[in-house]
Asks: 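Input: one structure, supplied below.
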Amino acid sequence: MREINITDIENIKIGNAEDYENATGCTVIICEKGAPTGVDVRGGGPASRETELLNPVAANNGIHALLLSGGSAFGLDAAAGIMEYLENKNVGFPVGEIVVPIVCASCIFDLNLVNHKVRPNKEMGYKACLNSENSNFKNGNYGAGTGATVGKFHGGEYMMKSGIGSYAVQIGDLKVGAVVVVNALGDIYDYENNKKIAGLLNNTKDGFLDTEEEFYKSYSGMDNLFTGNTTIGTIITNGKFTKTEMNKIAAMAQNGLVRSIRPVHTSADGDSVYAMSVGDVKGDVNVTGTLAATVMAEAIKRAVMDAEPMYGLKAAKNFL
């Protein structure tokens with residue numbers, strides 16, 4: 001098994017667009033030929049678009065793009081720009097003389113970081129598509145990771161800056177990668193050594209509190225639970241799988257979140273993981289799903305470690 005770049009996976013383009021002044025952005029993953037795609041949603045508060053098409057009993061057999069965005073439910077508007085971009089290229093599901101691009105989307109809540117009145121829109125979605133042509137994708141404070149933060153149980157004063165991360169590997173001809181925006185309520189751990197690398201800061205902001213322990217102190221009820229969270233991401237593989245199999249791979253990829261984020265999948269998160277099949281390589285669904293969990297965990301780690309301190313917030317780099 002060897003590491004590759006996420007953009008080394010064939011048949012995809014990935015683009016970021018961001019508004020640093022207002023601390024928000026979006027990321028698009030485009031597969032013009034169509035990608036059988038599954039999803040696994042475990043958080044209690046997702047903001048999403050076209051999710052029902054990914055149900056194994058739905059008629060759709062492939063999507064043309066996936067949007068990961070800031071802006072909470074407002075950010076879903078950016079998908080319109082992606083649809084326009086794809087329509088202009090005659091990419092989509094044919095309906096008579098027209099095509100209808102199939103674009104799924106999930107958003108994080110970043111509205112409270114700088115300016116809740118500005119969020120990703122149609123123009124930003126279109127710009128992310130144009131940027132995908134130049135392979136501008138990077139980890140850290142880019143795209144949908146621009147306004148991402150973690151460790152928010154005690155509110156914005158004690159949270160840390162996070163971002164978007166990616167990681168991919170190849171075994172033989174099979175390639176499996178992950179792209180993830182880490183915007184969790186909980187703390188982030190290095191899945192390899194169980195060391196906390198980002199999360200809820202203590203009162204002096206020179207170390208960490210344990211969000212799980214803080215949770216337990218509120219066992220009788222949490223009336224003011226901070227809800228500006230959600231970790232969203234996707235697995236991308238050149239393995240040839242059905243939509244049903246991709247739903248299983250997405251579910252297995254959620255184990256990467258479990259290894260890295262504590263607590264996770266709460267009612268204050270909207271944790272959603274997609275899985276896209278973009279190639280024709282023969283692969284085993286269980287092997288691919290196991291790899292998916294590992295690359296997701298590493299992508300989460302990189303989203304945190306590649307983030308820069310910004311907007312008055314510390315990042316994991318401050319504690320190296």
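Computed over heavy atoms, backbone and side chain alike; hydrogens, waters and symmetry mates excluded.
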Asks: Same cluster or not: V99 versus F93, using hydrophobic residues (I, L, V, M, F, W, Y) connected whenever any side-chain heavy atoms lie under 4.5 Å apart?
Replies: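 No; F93 is not reachable from V99 via cluster members.
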Asks: Can you confirm whether more than 12 heavy atoms, excluding those of D173, are under 6.0 Å from its CG atom?
Replies: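 Not buried by this count: 12 neighbours or fewer within 6.0 Å.
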Asks: Between K152 and N183, does any side-chain donor sit less than 3.5 Å from a side-chain acceptor?
Replies: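 Yes, side-chain donor-acceptor contact under 3.5 Å.
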Asks: Can you list everything that forms a ring-ring contact (aromatic ring centres under 6.0 Å, His included) with F241? Sequence neighbours excluded, please.
Replies: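 By the ring-ring contact (aromatic ring centres under 6.0 Å, His included) rule, F241 matches no residue at all.
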Asks: Which distance, rounded to the nearest 0.5 Å, do you find between the CG of N22 and the CG of L111?
Replies: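 Going from CG on N22 over to CG on L111, the span is 11.0 Å.
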Asks: Strictly by salt bridge (Lys or Arg N to Asp or Glu O under 4.0 Å), give each pair with a member in residues 4-19 just once, sequence neighbours left out.
Replies: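 Applying salt bridge (Lys or Arg N to Asp or Glu O under 4.0 Å) to every pair that reaches into residues 4-19, excluding sequence neighbours, yields E10-K175, K13-E32.
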Asks: Regarding N141 and T146, is there a side-chain donor-to-acceptor distance under 3.5 Å anywhere?
Replies: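 No, T146 and N141 have no side-chain donor paired with an acceptor closer than 3.5 Å.
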Asks: Kindly check if the number of other-residue, nucleotide or ligand heavy atoms within 6.0 Å of NZ (K317) is above 12?
Replies: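 It does: K317 NZ has more than 12 such atoms within range.
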Asks: Check whether any side-chain N or O of K314 sits under 3.5 Å from a backbone N or O of K205 as a donor-acceptor pair, and report yes or no.
Replies: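 Indeed, once roles are kept as given, a pair shorter than 3.5 Å links the two residues.
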Asks: Is a donor on one side and an acceptor on the other found under 3.5 Å between the side chain of K161 and the backbone of A148?
Replies: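 The answer is yes, because a donor-acceptor pair under 3.5 Å joins these two groups.
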Asks: Taking it one step at a time, do I164 and T27 satisfy side-chain contact (heavy atoms from CB on, under 4.5 Å)?
Replies: CA-CA 9 Å; I164 191 170; T27 299; 3.4 Å; yes
Asks: Check the surroundings of atom CD in E52: do more than 12 heavy atoms from other residues, nucleotides or ligands lie under 6.0 Å from it?
Replies: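 Result for CD/E52: open.
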Asks: Under 4.0 Å between a side-chain nitrogen and a carboxylate oxygen: does that hold for K248 and E245?
Replies: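 Salt bridge flag = no for E245 with K248.
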Asks: If you look at every heavy atom in A178 and I6, which pair is closest and at what distance?
Replies: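 That would be N-CD1, 3.7 Å.
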Asks: Begin from the C-alpha positions of D190 and K301 and carry the test salt bridge (charged side-chain N to carboxylate O under 4.0 Å, His left out) through to its verdict.
Replies: CA-CA 6 Å; D190 185 331; K301 178 180 175 180; 2.9 Å; yes
Asks: Looking only at the side chains, is there a donor atom on one of N247 and T244 sitting less than 3.5 Å from an acceptor on the other?
Replies: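 No.
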Asks: Hey, could you give me the CD1/CG distance between I232 and L68, rounded to the nearest 0.5 Å?
Replies: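 Interatomic distance, I232 CD1 to L68 CG, rounded to 0.5 Å: 4.5 Å.
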Asks: Please step through salt bridge (charged side-chain N to carboxylate O under 4.0 Å, His left out) for the pair E298 and R302, ending with a clear verdict.
Replies: CA-CA 6 Å; E298 180 63 29; R302 295 188 180 201; 2.8 Å; yes
Asks: Within the 3.5 Å criterion, strictly below it, is a donor on D110 or T24 matched to an acceptor on the partner's side chain?
Replies: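 Short answer, yes.
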Asks: How long is the straight-line distance from OG1 of T231 back to CD1 of I108, given to the nearest 0.5 Å?
Replies: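 Answer rounded to 0.5 Å: 8.5 Å.
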Asks: Measuring from atom OG of S162 to atom CE of M310, what distance do you get when rounded to the nearest 0.5 angstrom?
Replies: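 Separation between the atoms: 13.5 Å.
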Asks: Examine Y167 and I249 and state if one hydrophobic cluster contains both, with Ile, Leu, Val, Met, Phe, Trp and Tyr joined whenever side-chain heavy atoms are less than 4.5 Å apart.
Replies: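 In one cluster with Y167: I249, yes.
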Asks: Taking M252 as the starting point, is it possible to reach I261 by hopping between hydrophobic residues whose side chains are less than 4.5 Å apart?
Replies: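 No, it is not one cluster - the side chains of I261 and M252 are not joined through contacts under 4.5 Å.
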Asks: From E308 CD over to L313 CG, what is the distance, rounded to the nearest 0.5 angstrom?
Replies: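 Output value for this atom pair is 13.0 Å.
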Asks: State which residues pass ring-ring contact (aromatic ring centres under 6.0 Å, His included) with Y191; sequence neighbours excluded, sorted by chain then number.
Replies: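 For Y191 there are no ring-ring contact (aromatic ring centres under 6.0 Å, His included) partners, ignoring immediate neighbours.
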Asks: Looking at T237 and S277, would you say the former's side chain and the latter's main chain have a donor-acceptor pair under 3.5 Å?
Replies: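 No; judged by distance alone, with no hydrogens or angles, the pair does not exist.
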Asks: Would a 4.5 Å heavy-atom cut-off, applied to side chains only, mark L320 and M305 as touching?
Replies: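 Of all side-chain heavy-atom pairs linking M305 with L320, at least one is under 4.5 Å.
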Asks: Give a yes or no on whether a salt bridge exists between E133 and K127, defined as a side-chain N under 4.0 angstrom from a carboxylate O.
Replies: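 No, no charged N to carboxylate O under 4.0 Å.
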Asks: Side chain of D271, backbone of V41: donor and acceptor closer than 3.5 Å?
Replies: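 Not confirmed, D271 side chain does not pair with V41 backbone.
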Asks: Look at the side chain of T234 and the backbone N and O of V179, then say whether any donor-acceptor pair between them is shorter than 3.5 Å.
Replies: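 Looks like no, no N/O pair under 3.5 Å.
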Asks: Using only heavy-atom distances, determine whether the side chains of D206 and N202 contain a donor-acceptor pair under 3.5 Å.
Replies: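 Note: D206 and N202 side chains meet the donor-acceptor criterion.
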Asks: Which pair of heavy atoms, one from S69 and one from C26, lies closest together, and at what distance?
Replies: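 Shortest heavy-atom contact: OG-CB, 3.8 Å.
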Asks: For S106 versus S272, what's the shortest heavy-atom pair and its separation?
Replies: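 Looking at all heavy atoms of both residues, the shortest contact is OG-CB, 4.0 Å.
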Asks: Examine R119 relative to F74 and say whether NZ or CZ is less than 6.0 Å from the centre of the six-membered ring and inside a 45° cone about the ring axis.
Replies: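 R119 over F74 ring: yes.
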Asks: Hey, is the main chain of I102 close enough, under 3.5 Å, to the side chain of H64 for a donor-acceptor pair?
Replies: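 Checked: pair present.
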Asks: Does E50 form a side-chain contact (heavy atoms from CB on, under 4.5 Å) with V103? I'd like the steps, not just the answer.
Replies: CA-CA 7 Å; E50 301 280 37; V103 180; 6.0 Å; no
Asks: Is there a side-chain contact between V273 and L257 in this structure, where contact means two heavy atoms from C-beta onward sitting under 4.5 Å apart?
Replies: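 Answer yes - side chains close enough.
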Asks: Yes or no on side-chain contact (heavy atoms from CB on, under 4.5 Å) for L66 and T37, after CA distance, side-chain angles and deciding distance?
Replies: CA-CA 10 Å; L66 172 65; T37 299; over 6 Å; no
Asks: Would you name the heavy atoms of A47 and L76 that are closest together and state the gap between them?
Replies: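 For A47 versus L76, the nearest heavy atoms are O-CD2, 4.1 Å.
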Asks: With distance as the sole test, does T288 use its side chain to make a donor-acceptor pair with the main-chain N or O of V285 at under 3.5 Å?
Replies: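 No, because the side chain of T288 does not come within donor-acceptor range (under 3.5 Å) of the backbone of V285.
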Asks: Is the NZ or CZ atom of R262 positioned over Y189's six-membered ring, under 6.0 angstrom from the centre and within 45° of the axis?
Replies: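 Yes; both conditions hold, so R262 lies above the ring face of Y189.
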Asks: Would you check if I14 and V28 make a side-chain contact, meaning some heavy-atom pair closer than 4.5 Å?
Replies: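 A side-chain contact under 4.5 Å is absent here.
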Asks: Does D187 use its side chain to pair, donor to acceptor, with the backbone of T211 at less than 3.5 Å?
Replies: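 Between the backbone of T211 and the side chain of D187 there is a qualifying donor-acceptor contact (under 3.5 Å).
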Asks: State whether the number of non-hydrogen atoms from other residues, nucleotides or ligands found under 6.0 Å of Y158 atom OH is greater than 12.
Replies: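 Result for OH/Y158: enclosed.
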Asks: When rounded to the nearest 0.5 angstrom, what distance separates CD1 in I236 from CG in N11?
Replies: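 So the gap between those two atoms works out to 11.5 Å.
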Asks: For the side chain of N55 and the backbone of V57, is there at least one donor-acceptor N/O pair under 3.5 Å apart?
Replies: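 Checked: pair present.
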Asks: Sort and list the pairs that fulfil ring-ring contact (aromatic ring centres under 6.0 Å, His included) and have at least one residue in residues 262-317, not counting sequence neighbours.
Replies: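 Listed once each, the pairs would be none.
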Asks: Residues in ring-ring contact (aromatic ring centres under 6.0 Å, His included) with F208, at least two apart?
Replies: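 Expected list: F319.
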Asks: Thinking salt bridges, do D280 and K33 make one under a 4.0 Å N-O criterion?
Replies: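 K33 and D280: salt-bridged.
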Asks: Could you pull out the closest heavy-atom pair between T266 and L185, with the gap in Å?
Replies: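 It is OG1-CD2, 3.8 Å.
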Asks: Consider only side-chain heavy atoms of I, L, V, M, F, W and Y, link residues closer than 4.5 Å, and tell whether V118 and V181 are in one cluster.
Replies: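 No, V118 and V181 fall in different hydrophobic clusters.
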Asks: Side chain of T230, backbone of G270: donor and acceptor closer than 3.5 Å?
Replies: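 It does hold such a pair.
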Asks: Using the rule that Ile, Leu, Val, Met, Phe, Trp and Tyr join whenever any side-chain heavy atoms are under 4.5 Å apart, tell me whether V176 and V258 fall into a single cluster.
Replies: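 In one cluster: yes.
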Asks: Of the non-hydrogen atoms in L67 and A78, which two are nearest, and what is the gap between them?
Replies: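 Closest heavy-atom pair between L67 and A78: CD2-CB, 3.8 Å.
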Asks: With K122, which residues qualify under salt bridge (charged side-chain N to carboxylate O under 4.0 Å, His left out), at least two apart?
Replies: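 With sequence neighbours excluded, K122 shows a salt bridge (charged side-chain N to carboxylate O under 4.0 Å, His left out) to E84, given in chain and number order.
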Asks: Given side-chain contact (heavy atoms from CB on, under 4.5 Å), test I235 with M296 step by step and report yes or no.
Replies: CA-CA 7 Å; I235 297 299; M296 180 60 72; 3.9 Å; yes
